[in-house]
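Heads up, the thing below is written out as structure tokens.
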Amino acid sequence: MSEFESLNVADLDVEALEKRLELVEPGASEGYYCFGDTVIVVPDQPVEAV
Amino acid sequence: MGVVGEMEQLVSNELRTSMYTIYADLPDDRESMLLVHGYSGAYDRVSRGVGEYIRSLDVRAPKPLYGEWTDAAGDPGAVTRPADATIEHLKKRGYLTSMTRDQERARFANLARVHHAKSRVKLPDYILMPTYDCNLRCDYCFQDHMRRDAAYSHLLRFMTPKVVDRILKAMPVIEERHEVSAGPESPRNIVVFGGEPFLARGRKLVEYIMDGVRALGPVKFSGVSNATELDAYADLLGPDGIATLQITIDGPKARHDGRRIYADGSGSYDRIVANVDLALARGVHVDIRMNLDRSNIGEVPELVASFEARGWFARRGFTVWAAPIHAYASVDRKTTFNSNQLVHAIRALYDEHPVLRKVSLPDDILLTRMRAVLRGADPLRKLKSSYCGAHSQMYIFDAFADIYACWERTGDANVRIGWVDENGRPELLEDRVKHWRDRSVTTNETCGQCRYALHCGGGCAVLAESVHGTIYSNYCDAFGRRFRETLALAYAELGTAVPVDERVAALRAL
């Protein structure tokens, strides 16, 4: 394999992080759930588009 | 610049490994490994040699989950420097930095603060508690004292329609604080919680709540119930009514009836099962929660097989998940699993009991999030600068019109964050609001230096307080191990991800 392979956001530049964060719309932090941190999984169904 | 300043500048220009670098080795791959950056959101695959180079510049690199580092990996002089192009990639992704540790901590804190502020500009999640009363007496319940100790008997009354009216008037005012308003695209989320919120004698009140919130605008209802008297609510159940219910079953009939008991010691299993059938027939999404510890884990296969035998898995909108009972209050730590141990305990039963693959596990949220990121979702949207809605936009109203931030801290007016006055005006105690809403990964020393912090959020405040005496502390629940194991899974299983129902997700962890 090569030494390095990006798995996401290929053009990511850590120096521009503050600007990128500004572009994230308020309230769009999808990591938040009102009751903590679990998620439902329905087996045997195809993934929805992200 | 003086000599000391020049020296500091010289040192700071040298590359070192970011203190927020996460190493995720792969169980069956000794040639490569995954790197994740704790605040840039980068996910990358690197050769083992590059991983060892990064590790050699990391003063506190953790041990791998699988296999061992080579002896040379901790010695910068003994590993091969990657190609210049790779070094540039590693710098751009955040793994290599010329910042000092203090500079990097400060930058991390600033990014987390911005993220946390954004997370609060969001339509509130409302939890309405019609009563603290319950018809069951489960030993492990965090509210059990309210029903067993006469000193708390004053709490067991029901919310009145007048209190409901006050709360309804307060909602739009609260939404103004968050600079948002509800509408067709953003319906209010109302969770009905207790005590047991669906006692037969509370039926008229719950209907009054539902009618009142509907009059305000679009709304989605869900609830958490023991389901023993759910049949009294049959006509309120369904996709346009109470659309999602979390219901707890702790084991096969004998085990369940020994744990989830009425005051006279009798069991609740038969009534609950009948009402799950009813709810499914009405089109409700039923999410069964199994509260598990070391005493009932062995019976999970039998329980899940009974769900299969009843045909529940074939019903649209039926799900089941495993939740650890936490070592908290009177619960003996020796009897419990942490989240990682529970995941392992369930997976260890997969081969013998394949039906258990239908059970959601505590780290499925992580798995889903990672799969989304690996499919192109913006990783910054998936970060967590705090743990749950108690630190952003959750409002819990009880029967006394008191407002709380966290359902684990209800029933004590001394810890409320405010109340709704007689005119429907929310009176918020700004110092208490700040106490809860300000908790983030920047507000304690441990999280501020943790490479996983923005993926974890700092853990549950109440559990952190039970260990450290303050909510301004960390509750790790083996998160580092869980993160690395889950990432290895997400990477290995790309293409087999499954959909998420956020309304059900919102009911879990209770």
Give the minimum heavy-atom separation between [X] and [Y], together with the two atoms involved.
X: B:Arg93; Y: A:Ser6; value: CZ-OG, 3.7 Å
X: B:Pro379; Y: A:Asn8; value: CG-ND2, 3.7 Å
X: A:Arg20; Y: B:Ser40; value: NH1-O, 3.9 Å

Subject >> Interface residue of largest heavy-atom contact number with chain A, from B:Pro82, B:Cys460, B:Ala85, under 4.5 Å >> reply: B:Pro82
Subject >> Which of B:His178, B:Glu179, B:Lys91, B:His89 touches chain A most, by non-hydrogen pairs under 4.5 Å >> reply: B:His89
Original post:
Mind checking what makes ring pair (Phe, Tyr, Trp, His ring centres under 6.0 Å) contact with B:Phe313, not counting sequence neighbours?
Top reply: B:Phe318
Original post:
Can you name the ring pair (Phe, Tyr, Trp, His ring centres under 6.0 Å) partners of B:Tyr43, sequence neighbours left out?
Top reply: none
Original post:
Would a distance-only check, ignoring hydrogens and angles, find a side-chain to backbone donor-acceptor pair under 3.5 Å from B:Lys92 to A:Glu15?
Top reply: no
Subject >> Side-chain ion pair, B:Arg107 and A:Glu18, N-O less than 4.0 Å >> reply: yes
Original post:
So which part of B:Leu35 gets closer than 4.5 Å to some heavy atom of chain A, the side chain, the backbone, both or neither?
Top reply: neither
Subject >> chain A contact via B:Ala117 - which portion, at a heavy-atom distance below 4.5 Å >> reply: neither
Subject >> Gap separating the CZ atom of A:Phe4 from the CG atom of B:Asp44, nearest 0.5 angstrom >> reply: 3.5 Å
Original post:
Heavy atoms, side chains only, cut-off 4.5 Å: are A:Val14 and B:Tyr39 in contact?
Top reply: yes
Original post:
So do the side chains of B:Leu380 and A:Leu17 get within less than 4.5 Å of each other, counting heavy atoms only?
Top reply: yes
